[in-house]
Amino acid sequence: YWSNVWILYSFFDESYADPKSYGFWIDSGNGFTTLLPGVVFVLGLTYDLMDPRHLGLLGMIQFYQECYGTVLYFWSFFCNRRWRDHGWRGHYAQSVSPVYMGAR
C-alpha cells in the first residue's frame, strides 16, 4: 500500500523522487534509521522487554525524528512553491498562505 502512495506522490512532487533532494533522503533515511527502534517499540508494547519509561522514551525519540523530517519536508515543499506547478490556485492557495506567512 505505502509503496503505491509513494509512487503516486513522486509524480506529484518531482523532488520526492530525485536522489539529490531533501525529500528523497529524509524518507529513505527514516526508513533505515527507524526500522530497528520501531521493531523494538512494537515488541516492547507486546512483551515486557524493558522498563515502560525507557520504552516511552524510545517511542518519543523515534516519533520526534519522523515528525521533524515531515515538518521540514512540508515547509520545503511550500517555501519552494512546488504547489504552484500543479495548479493549486484559488481557495487552496488562500488556505495555505496564512499558515505559510505565520511561520515567517
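Side-chain atoms are counted along with the backbone in the values below, which use heavy atoms only and exclude waters and symmetry mates.
Counting only N and O atoms by type, the side chains of Q65 and T33 include a donor and acceptor under 3.5 Å apart.
Heavy-atom contacts from other residues, nucleotides or ligands closer than 6.0 Å to OH of Y68 number 12 or fewer.
Criterion: ILVMFWY side-chain heavy atoms under 4.5 Å apart, direct or through other members. Under it, L45 and V40 are part of a common hydrophobic cluster. In terms of hydrophobic clustering, with Ile, Leu, Val, Met, Phe, Trp and Tyr side chains grouped at heavy-atom distances under 4.5 Å, L55 and I61 are assigned to different clusters. In this structure, V42 is not a member of the same hydrophobic cluster as M50, with clusters built from ILVMFWY side-chain heavy atoms closer than 4.5 Å. Residues V39 and L58 do not share a hydrophobic cluster, clusters being chains of Ile/Leu/Val/Met/Phe/Trp/Tyr side chains in contact below 4.5 Å. Criterion: ILVMFWY side-chain heavy atoms under 4.5 Å apart, direct or through other members. Under it, W75 and L72 are part of a common hydrophobic cluster.
In this structure, CZ in F41 is found 14.0 Å from CG in L36, a value given to the nearest 0.5 Å.
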